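One structure is given below, encoded as structure tokens.
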Amino acid sequence: MIDINAIRADFPILHQEVHPGKPLVFLDSAASSQKPTQVIEAMNAYYRQTHANVHRGIYALSEAATTAFEAARDKVQHFIHAAHREEIIFTTNTTGSMNLLVQTWGRANLGVGDTVILSQLEHHANLVPWQILAQEKGFTIEYIPITEQYILDLEAYQQMLNAGNVKAVSVAHVSNVLGTISPIAEIAHLAHQAGAIVIGDGAQSVPHMPVDVQALGVDFYAFSSHKMCGPTGIGVLYGKQHLLEAMPPWMGGGDMIRKVTFSGSTWNDLPYKFEAGTPAIAEGIGLGAAIDYLSNLGMNNLHTYEADLTEYAHERLIEVPGLTLYNPEPVMCGGVATFTLEGVHAHDLAQILDYEGVAVRAGHHCAMPLHRECLKVAATTRASFYLYTTRAEIDKLVEALYTAKTLLGGHSL
Amino acid sequence: MIDINAIRADFPILHQEVHPGKPLVFLDSAASSQKPTQVIEAMNAYYRQTHANVHRGIYALSEAATTAFEAARDKVQHFIHAAHREEIIFTTNTTGSMNLLVQTWGRANLGVGDTVILSQLEHHANLVPWQILAQEKGFTIEYIPITEQYILDLEAYQQMLNAGNVKAVSVAHVSNVLGTISPIAEIAHLAHQAGAIVIGDGAQSVPHMPVDVQALGVDFYAFSSHKMCGPTGIGVLYGKQHLLEAMPPWMGGGDMIRKVTFSGSTWNDLPYKFEAGTPAIAEGIGLGAAIDYLSNLGMNNLHTYEADLTEYAHERLIEVPGLTLYNPEPVMCGGVATFTLEGVHAHDLAQILDYEGVAVRAGHHCAMPLHRECLKVAATTRASFYLYTTRAEIDKLVEALYTAKTLLGGHSL
Amino acid sequence: MMDMYQENILDHAQHPRNWGLLEACHFHASDENPLCGDMLEVTLRVDENDIIVAVGWEGQGCAISQAAASMLGEEVIGKPLEIVKDYDKEAILELLGIPISMSRIKCALLSLKVIKAAAYNLENAASDHD
Amino acid sequence: MMDMYQENILDHAQHPRNWGLLEACHFHASDENPLCGDMLEVTLRVDENDIIVAVGWEGQGCAISQAAASMLGEEVIGKPLEIVKDYDKEAILELLGIPISMSRIKCALLSLKVIKAAAYNLENAASDHD
Ligand SMILES: Cc1ncc(COP(=O)(O)O)c(C=O)c1O
Ligand SMILES: Cc1ncc(COP(=O)(O)O)c(C=O)c1O
């Protein structure tokens with residue numbers, strides 16, 4: 001069970017007024033979550049007591065730093081149930097993971113006549129890298145459409161697979177805009193039957209629910225530390241060992257080599273082949289502390305808590321006159337509520353909510369084509385929840401929406 | 001002037017015993033420097049009070065985070081005397097900066113018949129990315145040789161330029177192994193006369209001396225936060241605006257786009273075109289605090305202090321029987337002393353020094369071809385100095401070398 | 001605390017002045033802020049001395065961008081075209097008379113960008129430099 | 001505190017046993033740790049029952065890698081070739097009898113890698129997996 005007061009006490013940032021008399025109501029965790037003291041202190045202690053460059057330093061600090069950093073890799077492995085620690089590649093964030101994958105696996109495997117399937121609800125991180133490579137290599141990108149219930153149209157997906165030549169399917173496990181939780185295991189199964197590999201964008205799933213990459217059957221999976229109580233500056237690419245081994249390296253430099261001569265080089269073993277240069281050491285340790293924190297609470301508990309909040313939020317929000325919700329039913333929806341309010345532009349809405357202390361995100365949420373070409377709106381407002389969010393905060397959001405309506409709602413712009 | 005006691009008080013990690021009765025003597029700052037309280041606390045405070053995702057968040061925390069992060073960019077700009085803030089691209093580290101440059105500028109500009117000039121003393125970060133692209137694109141790499149004084153042979157360099165077709169010259173401003181401070185301004189001038197662009201690897205210069213990229217005349221310049229009192233997980237690529245503008249983007253994702261559709265995308269302005277995804281926000285703020293710290297001391301003071309230390313260290317070390325030093329004369333040498341000790345393998349030496357509390361680096365220091373093909377040794381031992389290093393610590397190093405000799409020196413292995 | 005939503009801003013946003021494109025116009029431009037989706041189209045008519053005699057515009061977006069367009073349109077009528085070319089960020093912020101938060105600056109400046117593009121006779125506004 | 005540099009380790013490093021390659025040998029292998037430059041070449045001779053009757057080796061590197069080679073060479077003489085194939089990391093650490101720090105494990109294990117490669121009749125040791 002989630003003890004919300006104990007949890008909130010762990011997050012120092014939550015206890016402040018953003019404007020005089022307006023306590024912070026932080027509803028933008030999908031963009032980046034807040035960090036508990038345990039995570040902040042782990043990095044603090046690392047810099048005060050243990051820091052040194054890792055790998056091959058023959059002295060006490062360097063060995064301690066290496067042990068701590070590599071322990072974080074083990075924690076990630078167990079957290080997502082990967083088969084081997086070598087399958088955990090540290091990157092900068094989900095975006096870095098996707099670009100690594102596209103630039104190595106993609107560059108080596110995709111060409112004219114091939115198809116990559118994405119979906120209409122993808123974040124730019126799972127669109128733009130593919131588009132850039134497609135320009136160079138000439139393969140085709142297709143997008144699984146979304147239905148009127150804001151879920152992926154799996155029939156259309158099956159037809160795309162049937163058309164043949166599909167080499168890869170890359171989709172968000174949970175949409176950062178719609179909240180849609182997609183049936184990744186099923187998507188992966190169908191893709192494998194068609195001979196394609198499957199990549200999951202786990203940026204919005206790993207922080208919020210138990211994830212087992214082996215049970216899901218994905219070949220690659222990407223996520224960001226900063227959305228799961230961990231620090232900025234680090235992310236993860238999970239990949240199946242035999243696929244990672246067959247891939248060429250991406251960045252060249254220290255640590256990723258076995259042997260360098262003036263005429264050429266050979267590569268180090270996994271995971272180091274993909275980790276060039278001094279790693280994000282403190283950030284790895286911070287991510288490890290975040291995983292400890294989340295694991296102690298239990299990802300199942302957390303997911304249940306958030307699911308309940310989300311249902312409550314949707315219920316409260318649809319009561320607001322003129323509000324349109326862009327989410328599937330709560331049972332298929334991660335911890336977000338995404339909406340427009342008639343007569344109030346999303347940016348004005350966010351601004352006015354901020355005056356009330358309520359922090360939400362307004363815009364296209366890095367999913368511009370979804371907004372313009374599917375939802376047919378330029379911008380939505382998104383409130384997103386996490387383990388420290390309360391029902392009272394959702395009530396404040398609703399209250400602030402009425403304030404905004406009063407101020408601006410009369411003006412249809 | 002440098003008040004060494006005040007400085008040492010700022011670095012909590014220095015005040016510990018690594019083994020019972022053996023206080024830490026940290027002589028591995030060239031691998032990664034320690035961090036002052038001011039830097040640790042800046043990140044701590046950020047996570048406790050201000051964290052939110054940056055750019056386009058319409059609420060108080062996000063605006064405060066954006067302001068703090070972008071202020072760090074201004075600090076970097078002024079620290080290295082760049083003409084425009086748009087010329088400062090945040091990356092992961094020097095390695096990330098070099099790979100960005102090679103994969104964008106290099107991929108767009110290099111082909112069969114072209115030559116890129118590196119040098120024999122380069123770190124793998126300035127070798128391997130070029131080698132990987134050369135394999136794909138078929139251009140030629142040449143290496144400026146080093147003389148017996150461990151400096152670059154500029155006559156040989158001029159001949160390479162004369163041979164024509166040189167598109168780029170990329171060299172370390174300060175060698176991480178030899179300490180050699182290379183005349184980058186002269187190298188740049190000659191390269192520009194030959195129509196080539198110039199890239200400086202500033203990993204070992206920016207932390208230790210005043211750097212003015214405009215005065216040096218370099219087109220690109222790369223360095224790492226973690227070697228200059230800043231956090232891990234962030235680095236910088238400086239580039240001249242017109243060159244950066246002409247380059248294609250590298251990673252695709254959020255923030256680096258102007259407009260995304262299902263059929264293609266257009267790019268954001270500098271510097272964001274090269275910064276895909278959620279940036280290393282806390283790390284940027286930490287780097288900004290590190291720059292404040294270094295600027296308050298004064299880079300000239302720091303350089304003078306280190307130069308004096310280095311001279312003292314070289315003097316003391318060459319007294320040790322059987323020790324060979326691999327550095328140019330102190331006036332052309334950054335804060336390192338690199339050596340072998342007859343009859344004692346570098347790894348045994350580092351291990352025994354560690355037992356005495358002295359942390360040094362042993363190996364090829366990510367410059368394997370320099371060791372194997374020029375110095376003709378598999379490994380050297382490197383002691384490197386920074387603003388918190390004392391003469392007493394150098395004395396301890398020398399003492400510990402005698403201990404190692406007594407233990408192992410009789411055995412010629 | 002609703003500093004940015006002063007009554008006159010709301011009034012301009014609600015009752016935009018000079019709304020509607022001019023059929024007969026000498027200058028015309030349109031642009032958008034792709035990141036937020038705000039769009040604006042502006043037409044200008046001048047007399048034989050290049051004094052602006054009429055402004056007509058249409059757009060869609062947040063209250064700030066629309067109010068700024070309305071206020072700027074009123075402001076430039078009767079002024080020489082050349083003067084419009086000299087308008088800068090500070091001029092707009094002064095015109096609006098409210099504290100604009102960092103993340104909304106682009107909203108406030110869209111109309112300036114488009115009206116300048118029109119004055120310089122660029123069919124599309126110059127590319128969007130932050 | 002010089003835990004790793006016990007007298008017997010130094011003795012083996014200083015006076016390596018079975019130094020020098022066998023001219024007549026049944027098995028032979030060599031390898032290096034590219035990251036530290038340690039190198040080792042091993043030759044083995046067996047009798048008609050595949051019992052190891054002679055070991056000869058040469059190498060260069062740190063005291064730990066050389067002492068380990070010397071000690072392992074002594075250890076396997078008189079043992080069936082098959083048994084050598086079963087030696088693992090723990091066996092070597094026990095043989096050395098000293099606490100090996102994480103960064104030196106590769107030094108300690110190089111001789112095991114090469115002697116196994118020889119026993120399996122691989123001309124070069126298997127590629128260097130951390
Ligand atoms: C000269 C030089 N270049 C590049 C690097 C690579 O730096 P990083 O590992 O921070 O990318 C280093 C650090 O070891 C260096 O000393
Ligand atoms: C679904 C999804 N994918 C990718 C990303 C990109 O994450 P990051 O900016 O950490 O790389 C995000 C975060 O906004 C996301 O929600």
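The chains referred to below are lettered A, B, ... by the order of the sequence lines, with proteins before strands, and numbering in each begins at 1. Keep in mind it's a predicted model, so treat the numbers as computed, not measured. Quick note: numbers below take in every heavy atom, side chains included, and nothing from hydrogens, waters or symmetry partners.
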Pair count under 4.5 Å, heavy atoms only, with chain A: among B:Ser33, B:Pro129, B:Cys366, highest is B:Pro129

Going from CD on A:Gln49 to CD on B:Gln16, what distance comes out if it is rounded to the nearest 0.5 angstrom? 7.5 Å

Side-chain donor/acceptor of A:Asn99 to backbone N/O of B:Gly252, under 3.5 Å: yes

By a 4.5 Å heavy-atom criterion (distance strictly below it), what part of B:Leu370 contacts chain A: side chain, backbone, both, or neither? backbone

Chain B contact via A:Thr94 - which portion, at a heavy-atom distance below 4.5 Å: neither

Please assess B:Ile40 against A:Tyr46 for the test side-chain contact (heavy atoms from CB on, under 4.5 Å), listing each intermediate value before the final yes or no. CA-CA 10 Å; B:Ile40 302 170; A:Tyr46 169 73; over 6 Å; no

Any idea which of B:Pro231, B:Ala60, B:Ala125 has the most non-hydrogen atom pairs under 4.5 angstrom with chain A? B:Ala60

Of A:Pro248, A:Pro249, A:Ser224, A:Ser265, the largest count of non-hydrogen pairs under 4.5 angstrom with chain B goes to A:Ser265

In terms of the angle between their ring planes, are A:Tyr59 and B:Phe26 parallel, tilted or perpendicular, with boundaries placed at 30° and 60°? perpendicular

Pick from B:His347, B:Arg56, B:Arg372: which one has the most heavy-atom pairs with chain A under 4.5 Å? B:His347

Would you say B:Thr232 and A:His51 make side-chain contact, with heavy atoms under 4.5 Å? yes

Quick one: what part of A:His55 sits under 4.5 Å from any heavy atom of chain B, side chain, backbone, both or neither? backbone

State whether the number of non-hydrogen atoms from other residues, nucleotides or ligands found under 6.0 Å of A:Gln135 atom CD is greater than 12. no

Using side-chain heavy atoms (C-beta onward) and a distance below 4.5 Å, is B:Ser62 in contact with A:Arg361? yes

Name the member of B:Ala359, B:Gly253, B:Pro369, B:Ser263 that forms the most heavy-atom pairs with chain A at distances under 4.5 Å. B:Pro369

Side chain, backbone, both or neither: which part of A:Ser29 has an atom under 4.5 Å from a heavy atom of chain B? neither

Does the side chain of B:Thr278 reach to within under 4.5 Å of the side chain of A:Thr95, using non-hydrogen atoms? no

Winner by heavy-atom pair count (cut-off under 4.5 Å) against chain B, out of A:Ala134, A:Gly264, A:Ala282: A:Gly264

State, yes or no, whether a side-chain contact exists between A:His15 and B:Arg48 at a heavy-atom distance under 4.5 Å. no

Are A:Glu41 and B:Asn44 side-chain neighbours, meaning at least one heavy-atom pair lies under 4.5 Å? yes

side-chain contact (heavy atoms from CB on, under 4.5 Å) evaluation trace for B:Met368 with A:Ile257: CA-CA 10 Å; B:Met368 207 188 268; A:Ile257 52 89; 4.2 Å; yes

Portion of B:Pro279 that has a non-hydrogen atom of chain A nearer than 4.5 angstrom: backbone

Between A:Asn93, A:Ile13, A:Leu127, which shows the greatest number of heavy-atom pairs under 4.5 Å with chain B? A:Ile13

Find the one option among A:Val360, A:Asp354, A:Ile234, A:Ile281 whose heavy-atom pairs under 4.5 Å with chain B are most numerous. A:Asp354

From the list A:Gly284, A:Ala280, A:Ala52, the residue making the most non-hydrogen contacts under 4.5 Å with chain B is A:Ala280

Per-residue contact mode, A:Met256 against chain B (heavy atom under 4.5 angstrom): side chain

If you count heavy-atom pairs within less than 4.5 Å of chain A, which of B:His364, B:His226, B:Met43 leads? B:His226

Please identify, among A:Asp28, A:Val18, A:Val102, the residue contributing the most non-hydrogen atom pairs under 4.5 Å to chain B. A:Asp28

Rounded to the nearest 0.5 angstrom, the OG-CG distance for B:Ser32 and A:Leu61 is 11.0 Å

Considering only heavy atoms, which portion of A:Glu136 lies under 4.5 Å from any heavy atom of chain B: side chain, backbone, both, or neither? side chain

Below 4.5 Å, heavy atoms only, C-beta onward: do A:Tyr47 and B:Thr37 meet side chain to side chain? no

From A:Thr92 atom OG1 to B:Glu283 atom CD, the distance as rounded to the nearest 0.5 Å: 11.0 Å

Looking at B:Gln131 and A:Val260, would you say the former's side chain and the latter's main chain have a donor-acceptor pair under 3.5 Å? no

At what distance, to the nearest 0.5 angstrom, does CZ of B:Phe262 lie from CD of A:Gln120? 4.5 Å

Whether the side chain of B:Gln103 engages the backbone of A:Trp250 through a donor-acceptor N/O pair (distance < 3.5 Å, no angle test) should be reported. no

